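Working notes for the structure below.
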Amino acid sequence: MFLSAIVMMKNRRSITIEQHIGNIFMFSKVANTILFFRLDIRMGLLYVTLCLVFLMTCKPPLYLGPEHIKYFSDKTIEEEMQADRRVTWIVECFANWSSECQSFAPIYAELSLKYNCAGLKFGKVDIGRYPDVSTRYNVSPSPLSKQLPTLILFQGGKEVMRRPQIDKKGRAVSWSFTQENVIREFNLNELYQKAKKIYKNQDEAEAEENPPIESKKDQ
């Protein structure tokens with residue numbers, strides 16, 4: 001009953017079926033470890049060793065499907081944010097070891113394929129690999145902080161909003177990374193329409209200023 005209660009509480013933040021199943025297995029291992037140690041310390045140590053070997057050798061697969069995402073380094077992210085201030089960026093701070101980030105990867109990729117345009121772009125930066133970015137944007141890579149993944153919206157080269165939000169104690173406010181939540185919280189439909197309109201108006205203005213010159217052959 002205790003194991004079931006823990007799994008139900010943990011699964012409230014789960015997005016995919018894989019996450020639900022993963023939580024069940026993870027906490028079942030914890031319960032089995034306690035039972036093995038109660039039965040025999042040697043069996044408990046053997047079980048813990050086997051679990052550690054399994055975790056080190058059987059890592060979850062990374063998402064390798066289609067996407068329209070630009071990957072930043074600690075040097076390129078700031079340059080890209082300032083390169084064209086008309087572009088709105090949604091940047092995901094992630095770490096490869098985070099199961100939550102791995103579960104969110106296909107959702108974020110699908111959003112990038114659906115909403116990416118000249119004025120609205122999607123990016124990712126690995127704060128586990130680039131700790132300077134973690135410090136610069138105040139995103140803790142610690143598993144205890146529960147700040148991974150973090151989505152940050154940049155407009156005019158500056159941060160406008162982020163999810164999850166951080167409370168006064170520096171802890172992440174619980175937020176579910178579903179496709180519906182991202183679309184609603186970041187107003188992606190509205191951002192997409194505005195971005196397309198801005199660049200369409202700009203192209204029309206440039207066309208009026210620089211009309212095509214007819215060649216003598218056409219005349």
Side-chain angles (χ1 to χ4, degrees), residues 11-20 62-73 76-96 98-128 130 133-134 136-141 145-167 172-205:
N11 276 346
R12 288 185 303 175
R13 295 190 63 196
S14 299
I15 303 172
T16 62
I17 296 177
E18 289 79 4
Q19 275 188 299
H20 286 284
L62 299 176
Y63 176 78
L64 299 175
E67 60 184 23
H68 209 303
I69 298 171
K70 184 178 181 64
Y71 286 80
F72 299 116
S73 67
T76 59
I77 182 170
E78 191 67 28
E79 295 175 357
E80 196 68 44
M81 294 301 107
Q82 303 299 327
D84 189 348
R85 291 177 175 268
R86 296 169 301 173
V87 177
T88 296
W89 281 93
I90 298 178
V91 179
E92 177 194 355
C93 298
F94 76 102
N96 284 326
S98 170
S99 59
E100 287 80 6
C101 293
Q102 292 168 6
S103 298
F104 182 61
I107 296 174
Y108 192 58
E110 186 175 348
L111 290 171
S112 72
L113 293 172
K114 184 177 180 181
Y115 289 100
N116 184 82
C117 63
L120 177 60
K121 297 183 179 180
F122 293 76
K124 295 180 76 169
V125 58
D126 187 350
I127 64 172
Y130 303 109
V133 178
S134 170
R136 189 186 310 164
Y137 295 107
N138 195 28
V139 180
S140 174
S145 69
K146 297 182 179 180
Q147 293 186 30
L148 294 178
T150 288
L151 286 181
I152 304 178
L153 175 66
F154 292 92
Q155 289 183 321
K158 296 181 180 180
E159 178 181 338
V160 176
M161 64 172 290
R162 70 169 60 193
R163 291 292 183 274
Q165 295 175 311
I166 308 301
D167 61 20
V173 178
S174 181
W175 195 73
S176 181
F177 281 87
T178 62
Q179 186 175 115
E180 293 77 13
N181 280 352
V182 176
I183 293 173
R184 182 179 64 255
E185 291 289 322
F186 287 85
N187 295 318
L188 286 187
N189 291 317
E190 183 179 345
L191 287 176
Y192 180 69
Q193 294 300 327
K194 284 184 177 180
K196 288 180 63 178
K197 186 176 181 180
I198 290 173
Y199 273 81
K200 182 180 179 180
N201 293 339
Q202 179 187 354
D203 292 340
E204 291 177 352

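This one's a predicted model, so the numbers in the text were calculated from it and none came from an experiment.
Between the side chains of Gln165 and Arg162, no donor-acceptor pair is found at a separation under 3.5 Å.
With a 6.0 Å radius and a threshold of 12 heavy atoms from other residues, nucleotides or ligands, Glu78 has its CD atom above the threshold.
Residues Phe186 and Met161 form a side-chain contact, since some pair of their non-hydrogen atoms from C-beta on lies under 4.5 Å apart. Within the 4.5 Å cutoff, side-chain heavy atoms of Val182 are placed close to those of Phe104. With a 4.5 Å cut-off on side-chain heavy atoms, Lys70 and Thr76 do not count as touching. You'll find the side chain of Val173 stays beyond 4.5 Å of the side chain of Trp175, heavy atoms only. Side chains of Leu191 and Tyr115 form no contact here, defined as non-hydrogen atoms less than 4.5 Å apart. For the pair Tyr137/Ile127, no side-chain contact is recorded, criterion being any heavy-atom separation below 4.5 Å from C-beta on. In this structure, the side chains of Thr178 and Ile107 stay at 4.5 Å or more apart for every pair of heavy atoms. Side-chain contact check for Lys114 versus Tyr192: every heavy-atom pair is 4.5 Å or farther apart.
Residue Met81 holds its CE atom at 14.5 Å from NZ of Lys158, rounded to the nearest 0.5 Å. Atom OG of residue Ser176 and atom CD of residue Glu185 lie 11.0 Å apart, to the nearest 0.5 angstrom. Here CD of Gln193 is found 9.0 Å from SG of Cys117. Values are rounded to the nearest 0.5 Å. Atoms CD1 and CG, from Ile69 and Asn116 in turn, are 9.0 Å apart once rounded to the nearest 0.5 Å. Separation of atoms SG (Cys93) and CZ (Phe72) is listed at 10.5 Å; rounding is to 0.5 Å.
Across every non-hydrogen atom of Leu120 and Leu188, the tightest pair is CD2-O, 4.4 Å. Pairing each heavy atom of His68 with each of Ser112, the nearest pair is N-OG, 3.0 Å.
Taking Glu80 as the reference, nothing meets the side-chain hydrogen bond (donor to acceptor under 3.5 Å, both in side chains) condition, with sequence neighbours excluded. With sequence neighbours left out, the side chain to side chain contact (heavy atoms under 4.5 Å, CB included) criterion links Asn138 to no other residue. Residues satisfying the salt bridge (charged side-chain N to carboxylate O under 4.0 Å, His left out) test with Lys124, not counting sequence neighbours, are Glu92. Taking Glu180 as the reference, nothing meets the salt bridge (charged side-chain N to carboxylate O under 4.0 Å, His left out) condition, with sequence neighbours excluded. Here Asp126 pairs with Phe94, Ala95, Asn96, Arg129 under the side chain to side chain contact (heavy atoms under 4.5 Å, CB included) rule; sequence neighbours left out.
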Side chains of residues 147-156: which donor-acceptor partners sit under 3.5 Å, not counting sequence neighbours?
residue : atom : partner : partner atom : Å
Gln147  : OE1  : Ser140  : N            : 3.0
Gln147  : NE2  : Gly170  : O            : 3.4
Thr150  : OG1  : Gln147  : O            : 2.3

For Leu111 and Ile90, what are the C-alpha separation, side-chain angles and deciding distance, and is it a side-chain contact (heavy atoms from CB on, under 4.5 Å)? CA-CA 11 Å; Leu111 290 171; Ile90 298 178; over 6 Å; no
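The backbone N or O of Ser103 lies less than 3.5 Å from no partner atom in the side chain of Tyr63, so there is not a single donor-acceptor pair.
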